[in-house]
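Shown next, in C-alpha cells, is the structure this report addresses.
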Amino acid sequence: MALITWTESQYGTKVGFADEEHQVLFGKLNKVYDLATGGADRLEIGRALDDLIAYVVNHFAHEEKEMQAKNYAGYVAHKVEHDALVGICADLQTKFHAGEADVTDAVGQMVKGWLDSHIPAFDMPYAGALNS
Ligand code: FEO
C-alpha cells in the first residue's frame with residue numbers, strides 16, 4: 001500500500017511546478033518504501049533511495065531559486081527546513097550504502113510526517129509570491 005498519496009486538498013500549493021514535482025517525489029518515496037518494506041534486494045533499494053534523494057535535492061533547489069527570484073520573505077526559514085531534511089537524507093544514504101542502516105517503516109513514516117508538515121506550513125504560503 002502506498003505510504004503517501006497526493007491530493008489537491010491536502011497537498012495542493014496552487015503553484016504548478018511544485019504540485020507536479022511533489023507528485024513525482026511522492027511516487028519515488030512510495031517506490032523506496034514499497035521495495036524496502038517488501039524485502040527487495042538491497043541493491044535495488046539503494047538505487048531507488050539514491051534516485052529519491054537526488055530528486056528531493058533538485059526539487060528543493062528549484063523552489064529556492066523561484067523564491068529568490070521573487071524576493072520571497074520566507075526564503076531563509078524555508079531553506080533552513082530544506083537543509084535539515086537534506087542533512088538527514090544524506091546521513092541515511094551514507095549509512096545505508098555502508099551497511100549501517102536500513103530503510104525501515106519508521107524512516108518512511110518520518111519522511112511522510114515531514115512532508116505532511118512542510119508542504120502546508122512552508123510550501124503553500126509561497127503561492128502568492130511565486131504566482132505574482
Ligand atoms: Fe516542496 Fe519546500 O518543499
Side-chain angles (χ1 to χ4, degrees):
M1 197 185 129
L3 173 68
I4 189 165
T5 303
W6 191 93
T7 60
E8 176 81 42
S9 59
Q10 190 175 2
Y11 300 109
T13 64
K14 303 192 180 353
V15 175
F17 85 85
D19 287 351
E20 285 167 24
E21 291 180 11
H22 289 154
Q23 287 172 70
V24 174
L25 194 161
F26 283 21
K28 290 180 185 291
L29 174 59
N30 283 332
K31 182 176 177 186
V32 173
Y33 181 80
D34 286 346
L35 288 170
T37 58
D41 182 80
R42 204 176 161 78
L43 207 62
E44 199 181 354
I45 299 168
R47 271 198 294 263
L49 181 66
D50 292 347
D51 181 56
L52 169 64
I53 293 174
Y55 194 86
V56 167
V57 168
N58 283 333
H59 167 64
F60 287 172
H62 191 181
E63 278 186 358
E64 289 162 16
K65 188 174 141 218
E66 299 293 329
M67 286 189 276
Q68 284 186 297
K70 300 286 183 170
N71 283 318
Y72 176 56
Y75 167 76
V76 172
H78 199 142
K79 182 162 170 48
V80 167
E81 278 267 308
H82 285 174
D83 289 350
L85 186 69
V86 169
I88 290 168
C89 288
D91 186 53
L92 172 67
Q93 195 173 21
T94 301
K95 287 184 173 153
F96 180 88
H97 289 296
E100 295 167 359
D102 286 318
V103 178
T104 60
D105 180 63
V107 168
Q109 298 298 339
M110 182 277 292
V111 177
K112 178 184 185 297
W114 190 92
L115 290 164
D116 283 349
S117 165
H118 180 83
I119 293 176
F122 286 87
D123 290 355
M124 289 180 191
Y126 63 37
L130 267 56
N131 288 327
S132 67

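When a residue number appears, it is its place in the shown sequence, counting from 1.
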Quiz item: Taking all non-hydrogen atoms of both residues, which atom of Asn30 and which atom of Leu3 are closest, and how far apart?
Solution: OD1-N, 2.9 Å
Practice problem: Output the distance between atom OG1 (Thr5) and atom CD (Gln10), rounded to the nearest 0.5 Å. | Solution: 9.0 Å
Quiz prompt | Single-linkage hydrophobic cluster Phe26~Met124, side-chain heavy atoms < 4.5 angstrom | solution = yes
Self-check item: From CA spacing to verdict: side chain to side chain contact (heavy atoms under 4.5 Å, CB included), Ile88, Trp114
Solution: CA-CA 11 Å; Ile88 290 168; Trp114 190 92; 5.9 Å; no
Quiz item: Taking atom NZ of Lys28 and atom CG of Asp50, what is their separation to the nearest 0.5 Å?
Solution: 11.5 Å
Quiz item: NE2/His22 to CD1/Ile4 distance, rounded to the nearest 0.5 angstrom?
Solution: 10.0 Å
Exercise. Following the transitive rule for hydrophobic clusters with a side-chain heavy-atom cut-off under 4.5 Å over Ile, Leu, Val, Met, Phe, Trp and Tyr, establish whether Leu35 and Val56 coincide in one cluster.
Key: yes
Practice problem: To the nearest 0.5 Å, tell me how far Asn58 CG sits from Lys65 NZ. | Solution: 11.0 Å
Quiz item: In terms of hydrophobic clusters joined by side-chain contacts under 4.5 Å, are Phe96 and Val111 together?
Solution: yes
Quiz item: Given Tyr75 and Lys70, is the side chain to side chain contact (heavy atoms under 4.5 Å, CB included) satisfied, shown in steps?
Solution: CA-CA 10 Å; Tyr75 167 76; Lys70 300 286 183 170; over 6 Å; no
Exercise. Apply side chain to side chain contact (heavy atoms under 4.5 Å, CB included) to Asp19 and Gln23, showing your working.
Key: CA-CA 6 Å; Asp19 287 351; Gln23 287 172 70; 4.2 Å; yes
Quiz item: Nearest heavy-atom pair of Tyr126 and Met67: which atoms, and what distance?
Solution: CD2-SD, 4.0 Å
Practice problem: Please round to the nearest 0.5 Å and tell me the distance separating atom NE2 of His118 and atom CG of Leu115. | Solution: 8.0 Å
Quiz prompt | Intermediate values then yes/no, side chain to side chain contact (heavy atoms under 4.5 Å, CB included), Arg42 and Asp102 | solution = CA-CA 9 Å; Arg42 204 176 161 78; Asp102 286 318; 2.5 Å; yes
Practice problem: Identify the heavy atoms of Ile119 and Pro125 that sit nearest to each other, and give their distance. | Solution: O-CD, 4.4 Å
Self-check item: Nearest heavy atoms of Ala36 and Ile45, plus distance in Å
Solution: CA-CD1, 3.8 Å
Quiz prompt | From Leu25 atom CG to Glu20 atom CD, the distance as rounded to the nearest 0.5 Å | solution = 13.5 Å
Quiz item: Should Phe122 and Phe17 be regarded as members of a common hydrophobic cluster, given that ILVMFWY residues are connected when their side-chain heavy atoms come within less than 4.5 Å of each other, either directly or indirectly?
Solution: no
Quiz item: Linking I/L/V/M/F/W/Y whenever any side-chain heavy atoms sit under 4.5 Å apart, do Leu130 and Tyr11 land together?
Solution: no
Self-check item: Residues, nucleotides or ligands: over 12 heavy atoms within 6.0 Å of Lys14 NZ
Solution: no
Quiz item: Does a donor on one side chain sit under 3.5 Å from an acceptor on the other, for Tyr33 and Asp105?
Solution: yes
Quiz item: If you measure from the Lys or Arg side-chain nitrogens to the Asp or Glu carboxylate oxygens, is any gap between Arg47 and Asp51 under 4.0 Å?
Solution: no
Quiz item: Is there a donor-acceptor contact under 3.5 Å linking the side chains of Glu63 and His59?
Solution: yes
